[in-house]
Protein chains: 2
Amino acid sequence: MTQSVGAPVAGVGVGMGNAGSPKPDTKELILDAAERLFAEKSYASVSLRELTAAAGVNLAAVNYHFGSKDALLIAVFRRGAVALNKERARLLRDAEERAGGGTPPLREIVEALVVPSIRYSFTSTRLALYNQFVAFARGDGPPEAREMLDKDVGHLQRFVLPLARALPHLPQQELYWRLHFMMGVQHSLYTDMKRLETLSGGQCHLDNLDAVAARVVDFVIAGLEAPYRAPGG
Amino acid sequence: MTQSVGAPVAGVGVGMGNAGSPKPDTKELILDAAERLFAEKSYASVSLRELTAAAGVNLAAVNYHFGSKDALLIAVFRRGAVALNKERARLLRDAEERAGGGTPPLREIVEALVVPSIRYSFTSTRLALYNQFVAFARGDGPPEAREMLDKDVGHLQRFVLPLARALPHLPQQELYWRLHFMMGVQHSLYTDMKRLETLSGGQCHLDNLDAVAARVVDFVIAGLEAPYRAPGG
DNA sequence: GTTAAATTCAAACACTTGTTTAAGTCAATC
DNA sequence: GATTGACTTAAACAAGTGTTTGAATTTAAC
């Protein structure tokens, strides 16, 4: 708010479209390091000195390019959420086109929702900070963080109607619950893999993407298709 | 390590069994406040000044009674984990006795595992710090924290054999995965309820314990019983 | 009622935190 | 080649951190 000189703070750059990467951009170096460290440790426990050292940039670079540590966290989360939701939307659209205006098979809807995040859990730690971001947004975080979470729910909303059509035996309220459980299952892939590894004595890892995706989808579809029992019945 | 006077640090008290609570014990006041604040915000973002103020005790009380802030977090997690695992073990034992040495019904095994944590998600925020504790233990946390997580997995191991007997169509590796997914579903009850509420437009809450438990158990049982497809088949 | 231990308290400690500043560097423009 | 603006740098800043101290107070035992 008391910025004196022309710092970008949250701008998109001066004009260069940033296509290709001719040299390691400081901004992205910071985002990458932050994504990794915030996920491995936690937002509050990673100092800007540790973070900038890991990124190989100067301490002041974070405040210069993002404005504050809080704004950096939001930027990290935004970058991940945008990429994830874009891929989910694309897969869902493809499935709907294949169905020719009709209702896509349940399996394809579920895959559109869970496969992108499974893919990310193989290639990056991007998603592991979701829970931390939730805590941050609901705690001392700025309102902008809360709005981002709401927007994320909005993208999820896109899946409600297709799911409802594919699961006509479920009242809408029950559908919301089961969609929520479904998200919980895929969360288990990047919040707790260490537990699965020790539980299984090292038998189970994130090794084969297709195999893991099939496991998740089979489990989730069975849960979604479970017969509905009216409460108190 | 350089303790000069006789501070308890991690002792169980001088001899009074602490049965009943004649007056608010400082130690438990701290544990209660820490449990709530660590879960709502995060371990690293809650200062001891904020915490002790919320608990209504002196700043130095944490270091006097627990030794350090890290040791306090461990104590909080231990208290919750012990209570939870004790109740789970009791329910499983009851189910096994009802089965008279045979294999209890799948539903009762699942209920023994998930109902206690669902109950806690109604009455306290105790479990919401699980993910945070995992991050802490795997990050800068002391080895004692890691051992606690391993012990927690040990209690989970207790359920593997009964589940395997109730689900004879599953290879053991697949069983581990599905048990892991099952934990993910119940995690969704205390890490992300806000998302479910906004997603459903306020229709879904944690209102009725039995109804929620039934939903979770139905979903999970269907997932566990899903037919097994050999990978690549 | 005295003694001794356990606990509480306010104050200070050494240190780290996120942030800011002002001088410096570098590349491009005219 | 001077000028402008974007960016980097090292140093400093004020505020907050977990922890320690030593005296005051409470508690229990004899």
Side-chain angles (χ1 to χ4, degrees), chain A residues 1-18 22-30 33-34 37-38 41-75 136 140-142, chain B residues 1-18 22-30 33-34 37-38 41-75 136 140-142:
Chain A
M1 290 302 181
T2 58
Q3 215 78 17
S4 51
V5 293
V9 168
V12 257
V14 278
M16 175 176 58
N18 205 14
K23 82 174 171 194
D25 189 6
T26 300
K27 217 164 165 177
E28 283 196 38
L29 286 175
I30 294 174
L37 288 175
F38 289 167
K41 311 180 134 188
S42 84
Y43 170 65
S45 77
V46 176
S47 72
L48 285 184
R49 282 163 181 82
E50 177 183 1
L51 189 143
T52 51
V57 303
N58 186 268
L59 166 62
V62 168
N63 284 277
Y64 178 77
H65 284 284
F66 296 93
S68 69
K69 192 192 180 189
D70 282 3
L72 170 61
L73 173 62
I74 295 176
F136 165 77
D140 308 314
Chain B
M1 288 299 183
T2 58
Q3 214 79 16
S4 53
V5 292
V9 169
V12 257
V14 278
M16 175 176 59
N18 204 12
K23 81 172 170 192
D25 190 7
T26 299
K27 218 163 164 177
E28 284 198 37
L29 285 176
I30 294 174
L37 288 175
F38 288 167
K41 311 180 134 190
S42 84
Y43 169 65
S45 76
V46 175
S47 73
L48 286 184
R49 284 166 179 80
E50 177 183 0
L51 191 147
T52 51
V57 303
N58 187 270
L59 166 62
V62 168
N63 284 278
Y64 177 77
H65 284 285
F66 297 94
S68 70
K69 191 191 179 189
D70 281 3
L72 170 60
L73 173 63
I74 296 176
F136 165 78
D140 309 314

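All figures in this text were calculated on a predicted structure; none of them were measured in a lab.
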Nearest heavy-atom approach of Phe136(B) to Pro142(B) is CZ-CD, 3.4 Å
Does Thr26(B) have a side-chain nitrogen or oxygen under 4.0 Å from the phosphate oxygens OP1 or OP2 of dT8(C)? yes
From CD1 of Ile30(A) across to C1' of dT9(D) the rounded distance in Å is 13 Å
When rounded to whole Å, the OH to C1' distance for the pair Tyr64(B) and dT21(D) reads 14 Å
Interatomic distance, CG@Leu29(A) vs CG@Leu51(A), rounded to 0.5 Å, equals 11.0 Å
Atom CZ of Phe136(A) and atom P of dG18(C) are separated, to the nearest Å, by 12 Å
Here the distance between atom P of dT26(D) and atom CG of Asp25(B), to the nearest Å, is 18 Å
Between Tyr43(A) and Lys69(A), the two heavy atoms sitting closest are O-NZ, 3.0 Å
Problem set entry | side-chain N/O His65(A) vs dT8(D) OP1/OP2, d < 4.0 Å | yes
Practice item. Indicate whether OP1 or OP2 belonging to dT17(D) is found under 4.0 Å from a side-chain N or O atom of Ser47(B). Key: yes
Between Asn58(A) and dC7(D), is there a contact of a side-chain N or O with OP1 or OP2 at under 4.0 Å? no
In whole angstroms, the gap separating C1' of dA12(C) from CG of Asn63(B) amounts to 14 Å
Ranking Gly56(A) and Asp70(B) by the position along DNA chain D of their nearest nucleotide, the one closer to 5' is Gly56(A)
Rounded to whole Å, CG of Leu73(B) lies from C1' of dT19(D) at a distance of 17 Å
Correct closest heavy-atom pair for Thr26(A) and Ala61(A) would be CG2-CB, 4.2 Å
Between CZ of Arg49(A) and P of dA10(D) the distance, given in whole Å, is 13 Å
When rounded to whole Å, the OH to P distance for the pair Tyr43(A) and dT17(C) reads 13 Å
